[in-house]
Amino acid sequence: MADSAETDWVSRFADEVISEAERRAPGKPIVCASGLSPSGPIHLGNLREVMTPHLVADEIRRRGLDCVHLLSWDDYDRFRRVPAGIDPSWSEHVGKPLTSVPAPPGSPYGSWAEHFKAPLIDALAELGVEYTGISQTEQYTSGVYREQILLAMRERRRIDAVLARYRTKEAAESKEESAEYFPYRPYCELCERDLTTVTAYDDDSTELAYTCACGFGETVRLAEHDRGKLVWKVDWPMRWAYEGVLFEPSGVDHHSPGSAWIVGEQIVADVFGGRQPIGPMYAFVGITGMSKMSSSKGGVPIPSEALEIMEAPVLRWLYARRKPSQSFKIAFDQEIQRLYDEWDAVGRKVASGAAQPAESFAYDRAVRTSAGPLPETPRPVPYRTLASIVDITTGDEEQTLRILRDADGLTALDEARPRLDRAQRWVDTQLPADQRTRVRDNPDTELLDSLGETDRQALRLLAGGLDEHWSLDGLTTLVYGVPKLQAGLDADAKATPELKAAQRAFFALLYTLLIGRNTGPRLPTLLLAVGADRVRKLVGG
Ligand SMILES: [Zn+2]
């Protein structure tokens with residue numbers, strides 16, 4: 001794919017998929033696909049499996065073409081192991097389909113699969129992801145793949161030959177001793193688990209005999225049997241052909257020699273008469289600073305946890321602006337403030353026409369889909385300002401509105417929502433207790449009494465200028481200006497090293513007097529939050 005400065009990775013994949021669709025299936029809807037296994041929390045790394053085809057499908061729809069984004073829930077996969085933190089008695093369910101395993105204790109959902117699908121379904125709705133969900137349990141148990149299963153069984157020797165090329169010597173030898181290869185595995189009629197072994201199969205009658213580790217065994221007619229599935233390396237290429245998938249990305253783990261993607265290319269062509277989709281590998285998604293208190297599952301957070309602390313367009317932007325092959329990180333720590341500054345800056349550049357094409361594309365894909373714009377915050381006050389305010393006010397709505405009125409002229413909190421709620425949630429769940437701001441109730445008289453005349457004068461100048469400078473800009477001018485005035489400099493004088501040192505010392509003094517630490521939220525925000533009367537009281541004015 002040519003790397004062009006005038007377009008972005010999404011457009012380039014859409015070009016490629018559209019021209020491939022014209023060759024393979026002219027006139028039919030274009031099919032993009034994702035597959036997720038609800039075997040546990042579906043985390044922010046797994047979200048790339050959905051966001052990558054979503055963005056491509058959305059671009060194809062923006063061009064006026066009919067495009068379907070299939071999301072396969074691999075909920076007919078076996079329950080592999082009991083995760084840490086779950087009642088060990090769940091081990092009796094190992095080997096059953098995920099839809100037949102009870103949900104974790106306390107869950108309102110009917111099965112293990114439903115429990116882990118639910119939060120992602122909510123998150124995808126909030127993210128504006130339009131898709132067609134397919135339960136593989138429903139597909140298999142209703143016999144949708146009957147012909148494909150019979151075909152795969154007829155072609156089992158051909159499939160075995162493809163797989164054999166990648167088997168290690170050791171695996172090949174143990175295979176030698178075992179029985180014939182079968183690409184279909186029944187779930188046991190008695191115990192529901194897949195601890196079964198196919199012992200015989202007759203192509204003409206489709207009679208299949210199996211035994212299970214539980215002792216049960218039976219002979220069924222595969223042409224009527226709906227309690228089993230193709231093994232993963234055959235199941236995936238079968239679905240490429242069955243659904244006519246043209247675009248489906250996958251994680252790095254699917255691309256090693258002998259893995260499903262590699263053998264699938266041959267199996268889809270040799271057995272099912274189809275072709276492998278266009279399928280980029282996507283890289284890792286990392287997290288910075290997920291605090292212990294909210295990482296309840298112990299691992300990577302899930303999309304709904306990210307959406308509690310950031311708006312949907314910002315999360316979309318993280319996935320849109322990096323090529324699938326590039327890894328990136330999602331900030332749960334202080335970095336989220338810098339991330340939001342960057343987001344706001346890009347928004348301003350796009351609005352003024354100064355953005356680079358790639359920046360404009362990524363921003364546009366973040367704020368809207370082909371179905372329309374995503375909800376936005378009418379007055380996007382900087383996230384770091386909102387976080388400081390709700391930190392200081394501990395969420396008191398009246399105080400928060402007073403400060404936002406003084407700082408940005410807001411008349412109602414809803415103007416700052418939903419961003420305000422996200423910042424509030426971030427402060428409540430991610431900001432460590434030792435970094436939270438507590439405004440002093442009473443002046444630090446010991447410190448005030450110990451100050452020299454220069455410091456006292458600085459505090460008098462500050463206290464005396466508050467009312468006149470009562471806005472974010474005004475207070476910024478005031479706090480930087482006091483040390484300039486004391487040094488006999490003009491308000492617009494260039495900062496010298498001496499002046500910078502004097503400013504730093506003055507700021508540290510103010511923080512100590514106001515909040516008992518020598519750093520904190522930006523001073524103008526802090527002053528607005530504390531209120532003029534209380535500032536005067538705390539600085540001894
Ligand atoms: Zn059994």
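In listed order, ligands and their atoms are each counted from 1. Count residues from 1 along the sequence. Just so it is clear, the structure is predicted and the values come from calculations on it, not from any experiment.
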Practice item. Could you name each residue pair satisfying ring-ring contact (aromatic ring centres under 6.0 Å, His included) that touches residues 302-325, not counting sequence neighbours? Key: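 For residues 302-325: Trp317-Trp343, Tyr319-Phe328.
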
Review point. What ring-ring contact (aromatic ring centres under 6.0 Å, His included) pairs are there with at least one residue in residues 25-70, not counting sequence neighbours?
Key: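 ring-ring contact (aromatic ring centres under 6.0 Å, His included) check on residues 25-70 returns no pairs.
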
Check your understanding: Quick one: CG on Leu120 to CG on Leu124, what's the gap to the nearest 0.5 Å?
Key ->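 Between atom CG of Leu120 and atom CG of Leu124 there are 4.0 Å.
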
Review point. Do His93 and Trp112 pass the ring-ring contact (aromatic ring centres under 6.0 Å, His included) test, and can you show the C-alpha distance, the side-chain angles, and the key distance before you say yes or no?
Key: CA-CA 10 Å; His93 303 297; Trp112 190 269; 9.0 Å; no

Review point. Between the side chains of Thr196 and Asp194, does any donor sit under 3.5 Å from an acceptor?
Key: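 No, no side-chain donor-acceptor contact under 3.5 Å.
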
Point to revise | Pair listing, salt bridge (charged side-chain N to carboxylate O under 4.0 Å, His left out) test, anchored in residues 33-60, at least two apart | key: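 Counting only pairs at least two positions apart or across chains, the salt bridge (charged side-chain N to carboxylate O under 4.0 Å, His left out) contacts touching residues 33-60 are Asp58-Arg62, Glu59-Arg63, Glu59-Arg365.
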
Review point. Is any protein N, O or S atom closer than 2.8 Å to the Zn ion (ligand 1), and if so, which?
Key: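 Short answer, with waters excluded from the count: Cys188 SG, Cys191 SG, Cys212 SG, Cys214 SG.
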
